[in-house]
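One structure is given below, encoded as structure tokens.
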Amino acid sequence: MSTPLTLNSVSRNLDPNEAKGPLAILAKNAFASTDLRYPINLGTNNFEGLHYVTFYVNVQEKSSYNIQERTNIGPTANQNRANDAAAGVGQIASGNQIISDSTMGQLFAEGTAGGVFGAAIGGGAGALAAELGGPIAGVGAAIAGGAIGGLIGSTIVSSIDLSRKTKRLKSTISMYMPDTINQQIIHEYGEISMTEALGMVGAIGQGAAAVGSSIEGYISSTLGSGAKADLKGAGAGSLAELAGTLAEKSGAFGGGIKEALLFSAGLAQNPQVEILYQKTGHREFMFDFKMSARSEAEAAAIRKIIKEFKFHSAPELLKGSSGRFFIPPAEFDIKFFYNGKENTNIHKISSCVLVGIDVNYAAAGQWTTFADGMPVDISMQLRFKELELMHKGRIEEGY
């Protein structure tokens with residue numbers, strides 16, 4: 001196993017039963033931490049030959065928790081998008097801009113502003129208003145006409161802002177370099193049958209060509225060219241395919257008539273399958289850590305690290321919303337370090353979300369604890385999914 005990262009003391013809020021003894025100084029605001037690290041007592045001042053991984057927490061801007069913010073540092077995903085205008089979803093909409101009164105008036109006057117989307121919204125709103133009847137019906141008719149509907153559609157589209165709504169905590173979580181660091185990259189390809197895609201057009205075109213070729217072969221052989229045409233081959237097969245396709249389309253025959261006709265000719269249809277690129281999935285990363293407390297302070301650090309990951313992976317209820325809305329979980333930036341500097345020999349990771357946490361409090365294969373009930377061996381598996389879709393340009397940058 002790689003040499004573990006070691007730390008200074010943990011500066012993190014403790015649970016009430018932890019706020020005693022040598023760790024009492026750590027009983028502070030729950031979100032005013034500086035660093036959480038494991039292990040905590042090796043290599044404090046010596047980074048030579050030391051490998052470790054650091055997790056930077058980016059909490060949502062709307063979070064109601066009191067935090068210490070790291071200034072002038074945004075999530076990696078936002079930095080990348082700012083430097084890569086052609087990359088993706090952040091460019092779909094202009095982003096959270098309020099339409100001015102003059103623009104609003106112009107859109108209203110044009111009536112059809114917002115296109116099909118606006119008209120659809122207007123029509124739906126108008127139908128609803130018309131059902132209410134009375135004075136509202138007139139308003140509904142105006143909306144259905146598309147004037148206000150166009151405005152609504154344009155306003156909605158222009159208000160979409162897909163940039164990350166986060167700010168970075170001043171605290172970090174650093175862990176020793178685990179023995180296993182998995183990166184999963186998935187590119188999706190789909191099978192497309194050109195026979196099915198071309199349908200009747202393909203059957204007619206390819207069938208006519210095959211029949212013509214067989215007739216030409218037959219004529220050539222009759223003229224003594226030596227080539228023997230086989231009308232039971234391609235020509236008969238194409239005719240069977242054409243007949244079967246027409247029979248299926250007519251509705252007079254059930255499914256499988258084409259296959260039956262081809263089988264009668266001693267043939268089977270070639271689906272002419274092509275493999276075509278469809279999309280690239282978001283990369284996933286998996287980290288496996290094993291932790292065993294060697295002191296009361298290290299036990300507290302382990303508990304806090306597990307709680308920190310669990311806490312920031314969970315959503316937050318928006319205050320005053322009667323439980324109707326969630327504030328999304330935090331996001332993470334992950335960096336690998338060697339000798340106190342970022343290790344450029346390992347791929348970089350863009351901003352991620354923590355999609356899974358598995359904690360096993362009996363990692364030794366049986367339930368064993370210290371005298372105070374602290375489990376002896378704990379394993380923690382973290383599964384992250386990257387927010388950006390990777391492309392050649394980003395990979396060229398080291399991702």
**OP:** Give the minimum heavy-atom separation between E386 and H282, together with the two atoms involved.
**Re:** O-CD2, 3.0 Å
Subject >> Shortest non-hydrogen separation from F332 to N58 and the atoms involved >> reply: C-ND2, 4.1 Å
Original post:
Run the side-chain contact (heavy atoms from CB on, under 4.5 Å) check on D288 and D179 step by step: do they pass?
Top reply: CA-CA 8 Å; D288 289 306; D179 290 335; over 6 Å; no
Subject >> Heavy-atom closest pair, residues M177 and F336 >> reply: CE-CD2, 3.2 Å
Original post:
Is atom NZ of K385 surrounded by more than 12 heavy atoms (other residues, nucleotides or ligands) closer than 6.0 Å?
Top reply: no
**OP:** Decide if atom CD of E188 counts as having more than 12 heavy atoms of other residues, nucleotides or ligands within a radius under 6.0 Å.
**Re:** yes
Original post:
Any chance CD of E191 has more than 12 other-residue heavy atoms, nucleotides or ligands included, within less than 6.0 Å?
Top reply: no
Subject >> Minimal non-hydrogen separation, P329 against H312, with atom names >> reply: CB-O, 3.6 Å
**OP:** Mark yes or no for whether E298, through its side chain, and I40, through its backbone, hold a donor-acceptor pair below 3.5 Å.
**Re:** yes
Original post:
Ignoring hydrogens and geometry, is there a side-chain-to-backbone donor-acceptor pair from S322 to R324 under 3.5 Å?
Top reply: no
**OP:** Check whether any side-chain heavy atom of Q68 sits under 4.5 Å from a side-chain heavy atom of S171, and report yes or no.
**Re:** no
Original post:
If you look at every heavy atom in L317 and F326, which pair is closest and at what distance?
Top reply: CD2-CE2, 3.7 Å
In residues 343-356, what donor-acceptor pairs under 3.5 Å come from side-chain atoms, sequence neighbours left out?
from, atom 1, to, atom 2, distance (Å)
N343, OD1, N345, N, 3.0
N343, OD1, N345, ND2, 3.3
H347, NE2, Q183, NE2, 2.8
K348, NZ, E397, O, 3.3
S350, OG, E388, OE1, 2.6
S351, OG, T76, N, 2.9
S351, OG, A77, N, 2.9
S351, OG, D333, OD1, 2.6

Original post:
Within the side chain of Q269, is there an N or O that forms a donor-acceptor pair under 3.5 Å with the backbone of L262?
Top reply: no
**OP:** Indicate yes or no for a side-chain donor-acceptor contact from N270 to the backbone of Q272 under 3.5 Å, with no hydrogens or angles considered.
**Re:** yes
**OP:** Return yes if some donor-acceptor pair links the side-chain N/O of S63 with the main-chain N/O of Q60 below 3.5 Å, else return no.
**Re:** no
**OP:** Could you tell me the separation between the OG atom of S313 and the CD atom of E308, rounded to the nearest 0.5 Å?
**Re:** 10.5 Å
**OP:** Examine F285 together with F384 and report whether their ring centres are nearer than 6.0 Å.
**Re:** no
Subject >> Connected hydrophobic set around L318, excluding itself, where side chains approach under 4.5 Å >> reply: F325, I327
Original post:
Taking the side chain from Y38 and the backbone from I173, do they hold a donor-acceptor pair closer than 3.5 Å?
Top reply: no
**OP:** Apply the test side-chain contact (heavy atoms from CB on, under 4.5 Å) to residues L387 and E331: give CA-CA distance (whole Å), side-chain angles for both, the deciding distance (0.1 Å), then the verdict.
**Re:** CA-CA 9 Å; L387 295 171; E331 299 167 3; 3.4 Å; yes
Subject >> Side-chain heavy-atom pair E316, V59 within 4.5 angstrom cut-off >> reply: no
Original post:
What about Y277 and Y189, are their ring centers closer than 6.0 Å?
Top reply: yes
Original post:
Is there a side-chain contact between F311 and K304, using heavy atoms and a 4.5 Å cut-off?
Top reply: no
Subject >> Qualifying ring pair (Phe, Tyr, Trp, His ring centres under 6.0 Å) pairs, either residue in residues 362-382, two or more places apart >> reply: none
**OP:** Any chance you could lay out the ring-ring contact (aromatic ring centres under 6.0 Å, His included) test for F55 and F309, step after step, and finish with the verdict?
**Re:** CA-CA 10 Å; F55 301 89; F309 280 117; 5.3 Å; yes
**OP:** Show your working on side-chain contact (heavy atoms from CB on, under 4.5 Å) between Q381 and M286 and close with a plain yes or no.
**Re:** CA-CA 7 Å; Q381 183 184 85; M286 187 178 299; 3.4 Å; yes
Subject >> Flag, side chain of T280 to backbone of H187, donor-acceptor distance under 3.5 Å >> reply: no
